[in-house]
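In what follows, a structure is listed as structure tokens, so that the remarks can point back to it.
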There are 2 protein chains.
Amino acid sequence: MNESATSENSRTRAPRGQVTDIYRTLRDRICLLRYPPGMLLGEHELAEEFAVSRTPVRQALQRLEYDGLTETRNGVGTMVTGVDPNAFRDIYAFRLRLSEMMGEFPAEDEAPRALSTILLLQDRLVALRGQRDMEAFWQLNHELHHATNRLIANLALRETHERYYFQASRIWYSVIEAFFEEQITDLASELNEIEGALRAGDIRAVGYIQRNHIAFGLHRVASAHTAV
Amino acid sequence: MNESATSENSRTRAPRGQVTDIYRTLRDRICLLRYPPGMLLGEHELAEEFAVSRTPVRQALQRLEYDGLTETRNGVGTMVTGVDPNAFRDIYAFRLRLSEMMGEFPAEDEAPRALSTILLLQDRLVALRGQRDMEAFWQLNHELHHATNRLIANLALRETHERYYFQASRIWYSVIEAFFEEQITDLASELNEIEGALRAGDIRAVGYIQRNHIAFGLHRVASAHTAV
DNA sequence: ATTTGCCAACCTGTATGCAGCTATGGAATG
DNA sequence: CATTCCATAGCTGCATACAGGTTGGCAAAT
């Protein structure tokens with residue numbers, strides 16, 4: 001399982017290679033909670049792992065800090081940021097709006113491609129049932145995000161959509177374990193609904209479907225927090 | 001005129017000092033078109049100017065590239081990105097939506113502060129009439145942006161609002177010269193309208209006012225492009 | 001005169017040494 | 001035994017040397 005070989009870039013401008021690979025790898029680890037909030041990352045340690053010097057690692061860490069995923073303090077190290085409940089609420093509220101906005105900038109010609117991806121994901125989700133494989137589930141979500149992201153014709157919205165997907169995902173995954181079956185079922189519904197919308201060529205509907213399922217997830221997280 | 005001494009940071013997390021100063025300075029120069037699109041920036045040259053080594057300069061340039069304001073190519077240098085008409089249209093369309101969204105997350109307690117800022121800006125705008133001082137005009141817009149930005153209670157929206165303000169501004173300023181008086185008049189109206197909205201405590205109105213004036217600017221730019 | 005190939009100057013990407021800062025543990029003192 | 005101080009190890013921030021890549025110009029051959 002080569003984790004750095006994630007799918008191709010959805011953004012217009014492709015950043016540099018090596019640093020970007022490290023960046024994506026670390027970002028994914030953070031979002032997967034393999035690097036939990038509060039964990040301290042050492043530049044030397046990472047440099048050793050990736051078989052490079054500290055310089056490219058530092059660049060990747062600086063991007064992560066710019067994304068708000070980490071925080072670097074002089075003399076201490078780079079630590080994964082915690083999940084501030086306020087920021088969490090803000091991000092979710094914002095993502096709801098972004099999804100609603102999606103239909104206003106539909107990339108019609110991407111619909112067939114997205115549809116074929118959805119069909120693939122449906123199969124993979126079926127194969128995933130009962131396995132409780134968090135990372136595979138996450139990877140599936142990740143690809144769903146990419147597929148829907150490509151349906152947005154507006155570059156600015158697309159970038160923002162992506163940016164806050166990653167900010168939200170790691171919060172979201174902290175409560176997956178408690179609701180794994182529900183999440184699977186929910187994702188299956190989402191895929192089915194999106195499939196229908198794509199067959200009808202209704203990209204605006206895709207946005208609303210996504211919005212609703214984000215809201216479902218939000219509700220789930222909220223109830224989990226009040227329960228704890 | 002110390003240009004690096006721009007107002008305090010509106011974001012929640014304050015990045016490091018030295019690099020951020022360089023970053024802001026360069027960003028402002030790009031947005032002011034003092035560094036026009038296509039201009040090639042050398043790391044060594046900038047390092048000499050800021051009296052630091054290449055390392056912090058590189059960090060700042062990488063942030064700029066991440067913002068989409070520059071593009072660095074190996075063996076060549078860092079060049080200011082051009083204003084792709086498509087990206088321009090996307091950014092503007094997106095900003096309209098963001099401004100409309102502003103009223104949904106009002107920071108009520110910031111209203112008095114914003115009002116006093118607006119009153120200050122009104123005075124300064126009056127003093128600016130007939131001077132045709134682009135940079136002063138830009139600085140004024142910049143502070144207006146900060147004031148309205150603080151009225152947004154949602155951190156994610158606030159960050160995005162800021163991000164695309166800078167992306168849009170440099171495009172916008174390329175056509176100011178042809179419409180300077182109109183822009184002054186327009187800005188005066190905007191300030192007056194915002195003043196009224198703030199006195200009424202209607203932050204949602206502030207968002208719509210901003211949206212409308214963005215649309216005016218967009219129309220102006222569009223007509224300028226068709227004219228040329 | 002035109003074209004082609006090469007070389008040298010310059011730029012970014014990377015590695016590494018050094019300085020400054022922080023936290024932790026132990027020793028000394030009350 | 002508790003507390004305070006300090007030394008030390010380890011980390012990041014910065015500077016710099018070196019490697020790899022690109023471009024433009026000059027020279028040579030056609």
Side-chain angles (χ1 to χ4, degrees), chain A residues 4 9 11-27 29-30 34-82, chain B residues 4 9 11-27 29-30 34-82:
Chain A
S4 70
N9 198 346
R11 303 179 63 162
T12 295
R13 46 178 179 274
R16 264 181 295 308
Q18 192 175 36
V19 172
T20 303
D21 283 348
I22 299 174
Y23 163 75
R24 288 214 189 96
T25 302
L26 295 179
R27 182 193 64 185
R29 287 181 187 172
I30 292 172
R34 201 182 304 173
Y35 289 169
M39 179 169 175
L40 212 58
L41 308 176
E43 297 176 356
H44 185 71
E45 174 192 5
L46 294 172
E48 211 166 41
E49 175 187 343
F50 292 105
V52 293
S53 79
R54 281 177 51 212
T55 307
V57 172
R58 277 179 65 78
Q59 292 181 30
L61 290 175
Q62 279 154 15
R63 280 199 210 172
L64 289 173
E65 183 174 19
Y66 202 48
D67 282 345
L69 296 179
T70 61
E71 192 177 338
T72 302
R73 279 189 304 176
N74 189 356
V76 181
T78 299
M79 59 189 297
V80 180
T81 53
Chain B
S4 69
N9 198 346
R11 302 179 64 162
T12 295
R13 44 177 179 273
R16 266 182 293 309
Q18 192 176 34
V19 171
T20 303
D21 283 348
I22 299 173
Y23 163 75
R24 288 214 190 96
T25 303
L26 296 179
R27 183 192 63 185
R29 288 181 187 173
I30 291 172
R34 200 183 303 174
Y35 290 170
M39 179 171 175
L40 212 59
L41 308 176
E43 296 176 357
H44 184 71
E45 173 192 5
L46 294 172
E48 209 166 43
E49 176 187 343
F50 292 106
V52 293
S53 80
R54 281 177 51 210
T55 307
V57 171
R58 276 180 65 78
Q59 293 180 30
L61 290 176
Q62 280 155 16
R63 282 199 209 172
L64 289 173
E65 184 174 18
Y66 203 48
D67 283 344
L69 296 180
T70 62
E71 192 177 339
T72 301
R73 278 188 304 176
N74 189 354
V76 181
T78 299
M79 59 188 295
V80 180
T81 54

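Lettering of chains follows the sequences in order, A, B, ..., and the numbering in each one begins at 1.
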Please state how far atom CD in B:Glu71 lies from atom P in C:dC11, giving the value in whole angstrom units. 18 Å
Given A:Leu46, A:Ile22, A:Leu69, the one that forms side chain to side chain contact (heavy atoms under 4.5 Å, CB included) with A:Leu61: A:Leu46
Picking from D:dT12, D:dT23, C:dT16, the nucleotide nearest the side-chain atoms of A:Glu43 would be D:dT12
Least distance between heavy atoms, B:Thr72 atom then B:Glu65 atom: N-OE2, 3.5 Å
note: A:His44, atom NE2; D:dG10, atom P; distance rounded to Å ~ 11 Å
Spacing between B:Gln59 atom CD and C:dG13 atom C1', to the nearest angstrom: 14 Å
Which residue lies toward the 5' end of DNA chain C, A:Val76 or A:Ser53, if each is placed at its nearest nucleotide? A:Ser53
Would you call the rings of B:Tyr23 and A:Tyr66 parallel, tilted or perpendicular, taking 30° and 60° as the class edges? perpendicular
Nucleotide nearest A:Pro56 when distance is taken to its side chain, options D:dC14, C:dA15, C:dA23: C:dA15
Looking across every strand, which nucleic acid part, if any, lies under 4.0 Å from B:Leu61 by heavy atom: base, sugar-phosphate, or nothing? nothing
Could you please name the option among D:dT22, C:dT14, D:dC14 that lies closest to any side-chain atom of A:Gln18? C:dT14
Could you please name the option among D:dT12, C:dT14, D:dC14 that lies closest to any side-chain atom of B:Val19? D:dC14
Taking the basic N atoms (NZ, or NE/NH1/NH2) and the acidic carboxylate oxygens, is any pair closer than 4.0 Å for B:Glu49 and B:Arg29? yes
Among B:Leu64, B:Val80, B:Thr70, the one residue meeting side chain to side chain contact (heavy atoms under 4.5 Å, CB included) with B:Leu26: B:Leu64
Check whether any side-chain nitrogen or oxygen of A:Thr55 sits under 4.0 Å from OP1 or OP2 of C:dT14, and answer yes or no. no
Side chain of B:Arg54 - closest among C:dA23, C:dT14, D:dG13: C:dT14
Taking for each residue the nucleotide of DNA chain C with the nearest heavy atom, is it A:Val52 or A:Gly75 whose nucleotide lies nearer the 5' end? A:Val52
Heavy-atom donor-acceptor pair, B:Arg73 side-chain to C:dG13 base, under 3.5 Å: no
Any base atoms under 4.0 Å from B:Leu40, or only sugar-phosphate, or nothing? Heavy atoms, all strands. nothing
side-chain N/O B:Arg58 vs C:dT12 OP1/OP2, d < 4.0 Å: no
Would you mind reading off the distance between B:Phe50 atom CZ and D:dA15 atom C1', rounded to a whole angstrom? 17 Å
Whole-Å distance between D:dG13 P and B:Gln62 CD? 13 Å
Nearest whole Å is fine: how far is D:dC14 P from B:Asp21 CG? 11 Å
How many Å lie between CE on B:Met39 and P on C:dC11, as a whole number? 13 Å
If I take atom CG in residue A:Asn74 and atom C1' in nucleotide C:dC21, what distance separates them, rounded to the nearest angstrom? 5 Å
